[in-house]
Number of protein chains: 2
Amino acid sequence: MGRRSDHDRDELFELTVQAGQKILAKKGLEGVTARNVAGAIGYSPGTIYNLFDNLDGLLFEINSRTFDDLVDRLRSVPAQTDVVEHLIAFAVTYLEFVSSAPHSWEAIFFHNASHKAPASLLEKIEAPLKIVEEVLARLPKPLSQDELRLSARVLWSSVHGICLLVLSDKLGTISMKSVEPLIRALIENYIAGLTA
Amino acid sequence: MGRRSDHDRDELFELTVQAGQKILAKKGLEGVTARNVAGAIGYSPGTIYNLFDNLDGLLFEINSRTFDDLVDRLRSVPAQTDVVEHLIAFAVTYLEFVSSAPHSWEAIFFHNASHKAPASLLEKIEAPLKIVEEVLARLPKPLSQDELRLSARVLWSSVHGICLLVLSDKLGTISMKSVEPLIRALIENYIAGLTA
DNA sequence: TCCATATATTGAACAATGTTCAGTTTTATA
DNA sequence: TATAAAACTGAACATTGTTCAATATATGGA
């Protein structure tokens with residue numbers, strides 16, 4: 001039984017999110033139930049609803065942190081003078097992250113929320129796209145704001161599609177090594193077409 | 001109350017699948033519950049389990065038909081002498097289908113089945129890839145079976161990623177018209193890179 | 001025609017889910 | 001120390017998928 005003196009609200013919030021992440025990593029999305037999470041932190045199910053509006057809220061928070069993690073990884077990709085090389089490094093970083101933490105991404109790709117995601121999460125989903133836009137803006141050919149926005153989205157979506165492929169084929173014949181040269185071809189030539 | 005004499009087993013199966021499809025189209029994936037489907041065909045919930053091993057079975061059947069539909073659409077794309085044009089026509093066909101029947105594709109992309117999909121469904125998922133492979137095989141450059149397989153998958157996955165983008169942005173600013181030229185650039189240049 | 005057998009259908013019941021909230025316990029404050 | 005505020009509980013509710021004994025219906029042979 002959880003005691004009020006054990007943790008203040010912020011600590012408890014943090015504890016809950018981490019318990020959720022741990023369960024997600026171990027049991028997958030379907031393991032993240034109110035009773036499981038409550039049990040893991042030593043509180044009763046009702047307490048979850050003291051911290052979050054609903055269970056979706058917990059998953060939104062977890063997903064939000066996964067995006068933070070992705071953004072950190074993208075930001076720490078070494079700067080490349082060549083735009084194409086930079087974008088390829090982004091894609092590979094994304095692919096490796098998805099591949100190494102599949103359940104975190106399962107929660108992002110396949111969680112069917114009954115409630116609306118908060119604006120803060122929607123912003124974080126946008127963050128990687130902003131980073132891609134920044135790099136695309138360095139292309140010699142001048143692109144309008146709209147062109148930049150759309151082409152970043154299309155490029156990232158196609159990389160995203162390939163992440164899904166890798167994710168769905170965890171036990172199959174498609175490895176990172178076999179996909180990387182094709183990602184390279186995809187990006188190299190998409191950019192070539194964009195700037196033609 | 002359903003009467004045994006109303007339909008034989010095959011008719012009832014058909015009736016159930018169609019009821020499922022109708023509910024899916026109208027209410028989305030979350031509307032497809034055992035009780036809803038049973039109510040729609042005038043039988044009790046238990047009857048559903050006489051026709052399918054479980055509810056996933058019904059959704060597998062519905063998804064299977066969606067893939068059949070896609071394959072029909074791809075097969076009726078007018079033959080193009082140019083491989084790239086042919087692939088672009090495929091992608092546009094796919095995009096338009098997803099865009100016009102979003103809930104059918106929601107069931108394919110976001111249904112988290114508790115049970116394993118039957119081999120027959122897995123084969124149907126492969127069918128569009130086979131069609132893409134066939135066209136890729138017409139490229140002047142000779143590709144090995146493995147190269148063909150992998151590049152078809154990567155190409156289709158990236159188109160798939162863009163379908164998801166369009167699907168997730170049904171009310172947003174991304175239209176078919178704005179995406180089509182970028183799909184074109186994506187495919188044109190991916191193939192250029194592949195055959196270089 | 002009528003009974004016996006096989007099949008189809010029902011619907012109550014079970015477990016698990018998210019969620020609520022009246023009641024209890026604990027802490028902070030005056 | 002008494003009172004108010006906040007946190008926490010856990011039983012309860014509605015809704016899921018799913019099962020299965022009981023019932024209803026159809027079939028085929030005497």
Side-chain angles (χ1 to χ4, degrees), chain A residues 1-17 19-20 23-24 26-63 106-107 110-118, chain B residues 1-17 19-20 23-24 26-63 106-107 110-118:
Chain A
M1 194 195 307
R3 307 201 141 255
R4 187 176 179 179
S5 55
D6 287 348
H7 315 281
D8 65 22
R9 191 185 173 85
D10 288 350
E11 281 173 349
L12 193 51
F13 184 93
E14 194 56 31
L15 202 65
T16 307
V17 175
I23 294 170
L24 177 62
K26 206 172 289 181
K27 312 262 184 192
L29 190 51
E30 72 172 8
V32 184
T33 68
R35 288 167 182 79
N36 274 355
V37 173
I41 61 173
Y43 283 73
S44 74
T47 294
I48 304 287
Y49 292 84
N50 217 3
L51 300 166
F52 301 91
D53 289 344
N54 42 60
L55 245 208
D56 283 343
L58 171 57
L59 279 154
F60 291 150
E61 179 61 29
I62 291 173
N63 288 346
E106 181 200 357
F110 299 117
H111 170 51
N112 245 317
S114 312
H115 307 84
K116 278 179 190 161
Chain B
M1 192 194 308
R3 307 203 141 256
R4 188 177 180 177
S5 54
D6 289 346
H7 316 280
D8 65 22
R9 191 185 174 83
D10 288 349
E11 282 173 347
L12 194 52
F13 184 93
E14 194 56 31
L15 202 65
T16 307
V17 175
I23 293 170
L24 177 61
K26 207 172 289 183
K27 312 262 184 192
L29 189 51
E30 73 171 9
V32 184
T33 68
R35 288 167 183 80
N36 274 356
V37 174
I41 61 173
Y43 283 73
S44 74
T47 294
I48 304 288
Y49 293 84
N50 216 3
L51 300 166
F52 303 90
D53 289 346
N54 42 60
L55 245 208
D56 283 344
L58 171 58
L59 278 154
F60 291 150
E61 178 62 29
I62 291 174
N63 288 346
E106 180 200 358
F110 299 117
H111 170 53
N112 245 319
S114 313
H115 307 85
K116 277 178 189 161

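Here is the naming used below: chain letters follow the sequence lines, and residue numbers restart at 1 for every chain.
Checked against C:dG11, D:dG10, D:dT9, the side chain of A:Pro45 finds its nearest nucleotide in D:dG10.
For B:His7, no side-chain nitrogen or oxygen approaches OP1 or OP2 of D:dA26 to under 4.0 Å.
Near DNA chain D, defined here as any heavy-atom distance below 4.0 Å, the residues from residues 31-40 of chain B are B:Val32, B:Thr33, B:Ala34, B:Arg35, listed numerically. Near-neighbour residues of DNA chain C inside residues 46-55 of chain A, defined by a heavy atom below 4.0 Å, number-ordered: A:Tyr49, A:Asn54, A:Leu55.
The aromatic rings of A:His7 and A:Tyr43 lie tilted to each other, with the angle between the two planes from 30° to 60°.
Environment of CG in B:Asn112: crowded, with over 12 heavy atoms of neighbouring residues, nucleotides or ligands closer than 6.0 Å.
The shortest side-chain heavy-atom distance between A:Leu12 and A:Thr47 falls under the 4.5 Å cut-off.
Rounded to an integer number of Å, the gap from CZ of A:Arg9 to C1' of C:dT27 is 16 Å. Summarising the geometry, the separation between CG on B:Asp10 and P on C:dA8 is reported as 11 Å, rounded to the nearest angstrom. Rounded to a whole Å, the CG atom of A:Asp56 is 12 Å from the C1' atom of C:dT19. Following rounding to the nearest Å, A:Tyr43 (OH) and C:dT26 (C1') show an atom-to-atom distance of 11 Å. Atom CG of B:Asp8 and atom C1' of C:dT9 are 15 Å apart (whole Å). Note: CZ (B:Phe13) to P (C:dA8) measures 14 Å, nearest angstrom. Rounded to whole Å, the distance from CG on B:Leu59 to C1' on D:dT16 is 14 Å. Rounded to whole Å, the distance from CD on B:Glu11 to C1' on C:dA8 is 15 Å.
Minimum interatomic distance between A:Asn36 and A:Thr33 (heavy atoms only, all atoms of both residues): N-OG1, 3.0 Å. Closest approach of B:Ile62 and B:Gly20 over heavy atoms only: CD1-C, 3.7 Å.
Among the candidates A:Val32, A:Leu24, A:Leu51, the single residue satisfying the side-chain contact (heavy atoms from CB on, under 4.5 Å) test with A:Val37 is A:Val32.
The main-chain N or O of B:Leu58 is never found under 3.5 Å from a side-chain atom of B:Glu61 such that the two would form a donor-acceptor pair. Side-chain atoms of B:Asp56 do not come within 3.5 Å of backbone N or O of B:Ala113 as any donor-acceptor pair.
Here A:Glu14 pairs with A:Gln18, A:Arg65 under the side-chain hydrogen bond (donor to acceptor under 3.5 Å, both in side chains) rule; sequence neighbours left out.
Among the protein residues, B:Leu12 comes within range of the sugar-phosphate backbone only, with heavy atoms under 4.0 Å from sugar or phosphate atoms but none that close to a base.
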